[in-house]
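What's counted below: heavy atoms across the whole structure, side chains too, no hydrogens, waters or symmetry copies. Atoms within a ligand are numbered from 1 in the order they appear, just like the ligands themselves.
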Amino acid sequence: MADAASRIEARIDQVLTPDDPLIEPMGHALRGGKMFRAFLVLEGSRLHGVDEAVALDAAMAIECIHAYSLVHDDLPCMDDDDLRRGQPTVHKKWDEATAVLVGDNLQSLAFQLITGPGLGGAIAQRLAVDARTMVKGQMLDIAAETAATPLTLDQIIELQQHKTGALIKWAAVAGPLMAGADIGPMSRYADALGLAFQIADDLLDVEGDVATVGKAVGKDNNAGKATFVSLLGLDEAKRRATDLVQEAQDTLNEYGTEADVLREAAAFVVSRKK
Ligand code: GRG
């Protein structure tokens, strides 16, 4: 993942041009994350023999969509957060108008990259659909805040599949999709991985500390929101996450040892501290 991060960092330097007045806040929004989605694109692409430069732009495109979602999610009209990746959020370091424009611009940049040389077509179409699925998830989440009754487990799973799962799935299937290969195994890997990722996120909200996680913790709990932890309890949530990691790893059998890094990534998702 560190390797994916350094390759993306270098590409950010090439793509963000000094004449762009948003270069600083866009760089701030793009940098400092785990680059987990970029890593999935790069590994899935490597497994399927996709050209490295093409894969890198697909990886950067998904990080642009992810970063835009975080910048907008942090705004006062949404989750109202001051801290992201251990740094002030874009609207805190600059202002709200800048944060809105950074998100807008990152989304357009994602489509500039995903329609570039060797790209476009099905992969770009799917990115548009999955980015919209994420927005639907955000809207479901907002609606749940004012609903008369807390969400059920099935509803939380559905929300997760939209809000977090869609981008993770796009990242996982991008490689086989670009190679014209079967997306089945990577798609099933992403389903289990995405759910494990969200359960781990809910566990970090309860068990993590702000300095390590790099963003506010305890928010869902304090807001009385239904989460995997509130519905299942800590122990059962951890057990489910562990089972999902095993499930994700098993989906990769046909790739043999070539997929070991993706297996390790699945284990990392639930052991991560941020
Ligand atoms: C505002 C359109 C719009 C969408 C927002 C993704 C999202 C939808 C909001 C983020 C809130 C949140 C806590 C989502 C759950 C899991 C998640 C996406 C965590 C952040 O992803 P990481 O851990 O972050 O990959 P880094 O910082 O490593 O990139």
Side-chain angles (χ1 to χ4, degrees), residues 1-2 4-5 8-9 12 28-41 59-60 62-81 83-91 96 99-100 102-108 110 127-128 130-145 156-157 159-172 190 193-206 208 210 212-221 223 225-229 241 265-266 268-274:
M1 236 177 279
I8 292 286
E9 297 268 341
I12 294 170
H28 182 83
L30 278 167
R31 291 178 212 275
K34 294 181 288 297
M35 306 282 181
F36 180 60
R37 295 155 191 80
F39 159 83
L40 289 176
V41 175
M60 174 132 173
I62 194 69
E63 287 296 332
C64 286
I65 296 283
H66 173 56
Y68 120 68
S69 81
L70 299 181
V71 171
H72 281 185
D73 186 62
D74 289 335
L75 282 167
C77 60
M78 298 240 188
D79 226 22
D80 194 10
D81 276 302
L83 195 68
R84 168 73 61 187
R85 298 168 170 171
Q87 299 287 327
T89 47
V90 174
H91 69 274
E96 285 182 36
V100 170
V102 162
D104 294 341
N105 219 3
L106 283 170
Q107 180 157 212
S108 299
L127 185 61
D130 291 342
R132 292 188 64 204
T133 301
M134 173 189 71
V135 173
K136 181 176 169 191
Q138 181 77 345
M139 204 58 227
L140 290 172
D141 202 8
I142 290 170
E145 281 170 22
I156 292 273
I157 291 173
L159 197 149
Q160 174 280 325
Q161 282 164 346
H162 286 81
K163 194 175 139 178
T164 322
L167 294 197
I168 289 179
K169 190 147 172 169
W170 185 92
L193 188 73
L195 193 48
F197 190 95
Q198 185 63 58
I199 295 176
D201 212 67
D202 290 353
L203 285 163
L204 282 175
D205 191 61
V206 175
V210 62
T212 314
V213 179
K215 63 179 179 181
V217 292
K219 284 194 78 168
D220 292 346
N221 207 19
K225 261 173 99 166
T227 67
F228 286 106
V229 176
F268 161 79
V269 153
V270 297
S271 64
R272 68 197 170 98
K273 302 285 177 244
K274 62 178 187 175

For R31 and E9, run salt bridge (Lys or Arg N to Asp or Glu O under 4.0 Å): C-alpha distance rounded to whole Å, both residues' side-chain angles, the deciding distance at 0.1 Å, then the answer. CA-CA 7 Å; R31 291 178 212 275; E9 297 268 341; 3.0 Å; yes
When you look at R85 and L70, which way does the side chain to side chain contact (heavy atoms under 4.5 Å, CB included) test go after all the steps? CA-CA 10 Å; R85 298 168 170 171; L70 299 181; 3.7 Å; yes
Begin with the C-alpha distance, continue with both residues' side-chain angles, and end with the deciding distance and a verdict on salt bridge (Lys or Arg N to Asp or Glu O under 4.0 Å) for K215 and D201. CA-CA 11 Å; K215 63 179 179 181; D201 212 67; 3.6 Å; yes
Test log, rule side chain to side chain contact (heavy atoms under 4.5 Å, CB included), inputs D81 and K219: CA-CA 10 Å; D81 276 302; K219 284 194 78 168; 3.1 Å; yes
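In this structure, the protein non-hydrogen atom closest to atom 14 (C) of ligand 1 is K163 CE, 3.7 Å. Looking at atom 10 (C) of ligand 1, its nearest protein heavy atom turns out to be D73 OD2, 3.5 Å. Given atom 19 (C) of ligand 1, the protein heavy atom at minimum distance is D201 OD1, 3.8 Å. In terms of protein heavy-atom proximity, atom 4 (C) of ligand 1 is closest to S69 CB, 3.7 Å. Here the heavy atom of the protein found nearest to atom 8 (C) of ligand 1 is Q138 OE1, 3.4 Å. Scanning the protein heavy atoms around atom 20 (C) of ligand 1, the nearest turns out to be H66 CE1, 3.9 Å. Annotation: atom 17 (C) of ligand 1 to nearest protein heavy atom, F197 CE2, 4.1 Å. At the shortest separation from atom 22 (P) of ligand 1 among protein heavy atoms lies K34 NZ, 3.4 Å.
Residue K215 has at least one heavy-atom neighbour below 4.0 Å for each of these atoms of ligand 1: 13 (C). Against a heavy-atom cut-off of under 4.0 Å, L70 is close to the following atoms of ligand 1: 10 (C). Atoms of ligand 1 found under 4.0 Å from any heavy atom of G33 (numbered from 1 in listed order, with element): 26 (P), 27 (O), 28 (O), 29 (O). Residue-ligand proximity, Y68 to ligand 1, at heavy-atom distances under 4.0 Å covers atoms 2 (C). Taking every non-hydrogen atom of R272 and a distance limit under 4.0 Å, the qualifying atoms of ligand 1 come out as 23 (O). For ligand 1, the atoms closer than 4.0 angstrom to any heavy atom of R85 are 26 (P), 27 (O), 29 (O).
Taking all atoms of both residues into account, the shortest heavy-atom contact from V41 to A59 is CG1-N, 3.7 Å. Nearest heavy atoms, D74 versus H91: O-CE1, 2.8 Å. Residues M1 and M35 come closest through the heavy atom pair CG-O, 4.3 Å.
The closest approach between any non-hydrogen atom of Q198 and ligand 1 is below 4.0 Å. Residue contacts with ligand 1 do not include M35, since none of its heavy atoms lies under 4.0 Å from the ligand. Contact annotation: R37 has at least one heavy atom less than 4.0 Å from an atom of ligand 1.
For the pairing with K225, the salt bridge (Lys or Arg N to Asp or Glu O under 4.0 Å) check across D202, D141, D205 returns one residue only, D141. Of the candidates N105, L127, L30, L30 is the only one forming a side-chain contact (heavy atoms from CB on, under 4.5 Å) with C64.
No more than 12 heavy atoms of other residues, nucleotides or ligands sit less than 6.0 Å from atom NZ of K136.
Between F36 and F39, the ring planes lie parallel to each other; the angle is under 30°, not in the 30° to 60° tilted range.
Residue T164 places no N or O, backbone or side chain, under 3.5 Å from any N or O of ligand 1.
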